Amino acid sequence: MSTEGQVITCKAAVAWEPNKPLVIEDVQVAPPQAGEVRIKILFTALCHTDAYTWSGKDPEGLFPCILGHEAAGIVESVGEGVTEVQPGDHVIPCYQAECRECKFCKSGKTNLCGKVRAATGAGVMMNDRKSRFSINGKPIYHFMGTSTFSQYTVVHDVSVAKIDPQAPLDKVCLLGCGVPTGLGAVWNTAKVEPGSIVAVFGLGTVGLAVAEGAKAAGASRVIGIDIDPKKFDRAKNFGVTEFVNPKDHDKPIQQVLVDLTDGGVDYSFECIGNVSVMRAALECCHKGWGTSVIVGVAASGQEISTRPFQLVTGRVWKGTAFGGFKSRSQVPWLVDKYMKKEIKVDEYVTHNMTLGEINEAFRYMHGGDCLRCVLKMQD
Ligand SMILES: NC(=O)C1=CN([C@@H]2O[C@H](COP(=O)(O)OP(=O)(O)OC[C@H]3O[C@@H](n4cnc5c(N)ncnc54)[C@H](O)[C@@H]3O)[C@@H](O)[C@H]2O)C=CC1
Ligand SMILES: N[C@@H](CCC(=O)N[C@@H](CSC=O)C(=O)NCC(=O)O)C(=O)O
Ligand SMILES: [Zn+2]
Ligand SMILES: [Zn+2]
């Protein structure tokens with residue numbers, strides 16, 4: 001029976017308040033309006049950014065909300081004027097939109113899109129500035145324009161990438177955030193050249209994807225830095241060639257790296273979200289040309305600092321969102337690369353659970369063994 005045009009009641013994990021356990025609720029999901037797409041979510045992974053907003057440290061965090069932004073599913077119905085996807089298409093929701101019309105999209109200089117960002121930051125849809133989610137009439141906020149911890153979600157059409165229907169959705173859901181972010185930080189933001197020396201701070205999913213991207217770009221050394229020594233064995237399979245644990249050294253970690261690399265690394269990547277480490281990542285770069293890319297998300301109120309002399313003497317400080325990838329255009333390309341075995345995805349999935357187990361899944365995520373935990377969303 002078609003559900004097109006009807007309110008769908010389904011299960012979703014609702015964050016009622018910061019830091020309180022998510023509650024599986026029956027949620028009403030309104031039909032998509034003009035320019036919107038309703039998606040049946042089949043698989044979603046958890047990302048540290050979900051935990052960050054849930055913690056209450058995100059200045060844009062709104063409650064109650066439905067978190068989740070790394071997922072894959074099938075289009076259930078589309079609103080008026082939607083032409084690029086139709087019911088039955090396999091898709092990945094994209095928290096970073098791509099409208100191809102705004103000044104950001106047309107600049108050729110960034111993957112950030114301005115079309116729906118104000119609405120997604122306010123937890124609503126652009127059309128009427130309202131939520132499509134409610135519980136017995138009480139609105140529940142959207143999150144990052146995706147809200148994938150729900151069996152059905154509504155997104156803007158500029159936030160949907162149509163992908164190869166043969167691709168396994170329980171794996172390619174990861175291409176909605178962490179893996180592209182690391183790969184793209186190397187390929188698009190830093191543009192690492194063959195022979196470069198690369199330092200990766202933090203060997204979680206994002207840091208390992210940086211290592212994978214650096215290896216593919218022909219880096220001669222990929223130095224992994226993590227305070228958890230258990231991370232190194234696994235990291236070797238992703239391209240890390242050397243491991244440094246800051247806890248093993250009395251000197252500041254930037255000095256350790258400068259000494260190890262005849263003056264500093266060519267490129268460094270901060271994949272943790274710690275502002276002290278961001279400083280170290282900049283300061284371990286080589287004088288004259290070293291570039292450091294901030295990938296980690298730091299909490300509200302945190303600020304970065306360094307001596308301006310670090311920049312005067314030629315180091316460059318950059319940041320990246322979704323690895324600089326243009327979402328609707330390039331997520332399908334990443335899926336194709338995965339299908340051709342040119343990039344890893346399966347290797348990042350360490351846990352598989354169900355929507356009902358989501359609180360436990362977050363506990364695993366915070367444990368040292370977990371890279372990505374994928375939730376099966378439908379019964
Ligand atoms: N800019 C963007 O578009 C995106 C940013 N992110 C952010 O990237 C960051 C990393 O994400 P994941 O890899 O999933 O996280 P994760 O928590 O799995 O990995 C972080 C790693 O850093 C290590 N670590 C913690 N403190 C450290 C320290 N002081 N020195 C060295 N290592 C330390 C941990 O042991 C862990 O291995 C998060 O802040 C996340 O929110 C995630 C996706 C997209
Ligand atoms: N609301 C947060 C923003 C956190 C942030 O920087 N998000 C990243 C994606 S992190 C994915 O896991 C991003 O792409 N930012 C660009 C954007 O337009 O949001 C805060 O204010 O800290
Ligand atoms: Zn994420
Ligand atoms: Zn745009």
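In each ligand, atom 1 is the first atom listed, and ligand 1 is the first ligand listed. Since this is a predicted model, take the numbers as computed values, not measurements.
Looking at F201 and M278, their side chains never come closer than 4.5 Å, going by heavy atoms from C-beta outward. The closest side-chain heavy-atom distance from F149 to V14 is not below 4.5 Å. Counting only heavy atoms from C-beta outward, the side chains of V124 and K130 never approach each other to under 4.5 Å. Side chains of V210 and C271 form a contact here, defined as non-hydrogen atoms less than 4.5 Å apart.
Put simply, V116 and I66 are part of two different groups of oily side chains (I, L, V, M, F, W, Y) that touch within less than 4.5 Å, one to the next. Cluster annotation: L169 and I41 are assigned to the same hydrophobic cluster (Ile/Leu/Val/Met/Phe/Trp/Tyr, side-chain heavy-atom contacts under 4.5 Å, transitive).
For atom 29 (N) of ligand 1, the nearest protein heavy atom (residue, atom name, distance) is V277 CG2, 3.6 Å. Among protein heavy atoms, the minimum distance from atom 38 (C) of ligand 1 is reached at I272 O, 3.8 Å. Ranking protein heavy atoms by distance to atom 43 (C) of ligand 1, first place goes to C177 SG, 3.3 Å. The protein heavy-atom contact nearest to atom 16 (P) of ligand 1 is H48 NE2, 3.4 Å. When hydrogens are left out, the protein atom nearest atom 19 (O) of ligand 1 is G204 CA, 3.4 Å; that is the closest non-hydrogen contact.
Here the OH atom belonging to Y152 is positioned 9.5 Å from the OG atom belonging to S77, to the nearest 0.5 angstrom. Atoms CG and CD, from D259 and Q254 in turn, are 11.0 Å apart once rounded to the nearest 0.5 Å.
Residue-ligand proximity: Y95 is placed with a non-hydrogen atom under 4.0 Å from ligand 1. Heavy-atom separations between M365 and ligand 1 are all 4.0 Å or longer. Contact analysis puts F322 in contact with ligand 1, with a non-hydrogen atom separation below 4.0 angstrom.
Polar contact check, V206 against ligand 1: a nitrogen or oxygen pair lies under 3.5 Å apart. Considering backbone and side-chain atoms alike, A321 places every N or O at 3.5 Å or more from each N or O of ligand 1. Here's the thing with P246: none of its N/O atoms is less than 3.5 angstrom from an N/O atom of ligand 1.
Pairs of residues two or more places apart, or lying in two chains, never qualify as salt bridge (charged side-chain N to carboxylate O under 4.0 Å, His left out) while including a residue from residues 292-315.
The pair R117-E60 counts as a salt bridge, with a side-chain nitrogen and a carboxylate oxygen less than 4.0 angstrom apart. Using a 4.0 Å cut-off between charged nitrogen and carboxylate oxygen, K162 and E84 do not count as a salt-bridge pair.
Using a 30° and 60° split on the angle between ring planes, H48 and H366 fall in the perpendicular class, above 60°. Ring orientation note: the planes of F243 and F232 are close to parallel, at an angle under 30° on the 30°/60° scale.
Counting heavy atoms under 4.0 Å from ligand 1, residue R372 touches it through the side chain alone.
For ligand 2, residues of the protein lying within 4.0 angstrom by heavy-atom distance are C47, T49, Y52, D58, P59, E60, H69, Y95, Q96, R117, M144, C177, V297, A321.
Under the 6.0 Å distance and 45° angle rule, K236 does not count as a cation-pi partner of F238.
Proximity to C271 (heavy-atom distance under 4.0 Å) selects the following atoms of ligand 1: 9 (C), 10 (C), 20 (C). Shown in contact with G296 at under 4.0 Å from a heavy atom are these atoms of ligand 1, numbered in order with element: 7 (C), 8 (O), 9 (C), 39 (O). The contact set between ligand 1 and L203, taken as ligand atoms under 4.0 Å from a residue heavy atom, comprises 21 (C), 37 (O). In the vicinity of T181, heavy-atom distances shorter than 4.0 Å reach the ligand 1 atoms 2 (C), 3 (O), 4 (C), 44 (C).
To the nearest 10 degrees, the Zn ion (ligand 4) sees SG of C113 and SG of C99 at an angle of 110°. C102 contributes SG and C105 contributes SG; the angle these two atoms make at the Zn ion (ligand 4) is 110°, rounded to 10°.
Of the candidates T49, L208, L46, I253, it is T49 that places a heavy atom closest to atom 41 (O) of ligand 1. Atom 6 (N) of ligand 1 has its nearest heavy-atom neighbour, among V295, V210, V293, D226, in V295.
Without hydrogens or angle criteria, S134 side chain to N136 main chain gives no donor-acceptor distance under 3.5 Å.
Ring to ring, Y95 and F322 are close: their centroids are under 6.0 angstrom apart.
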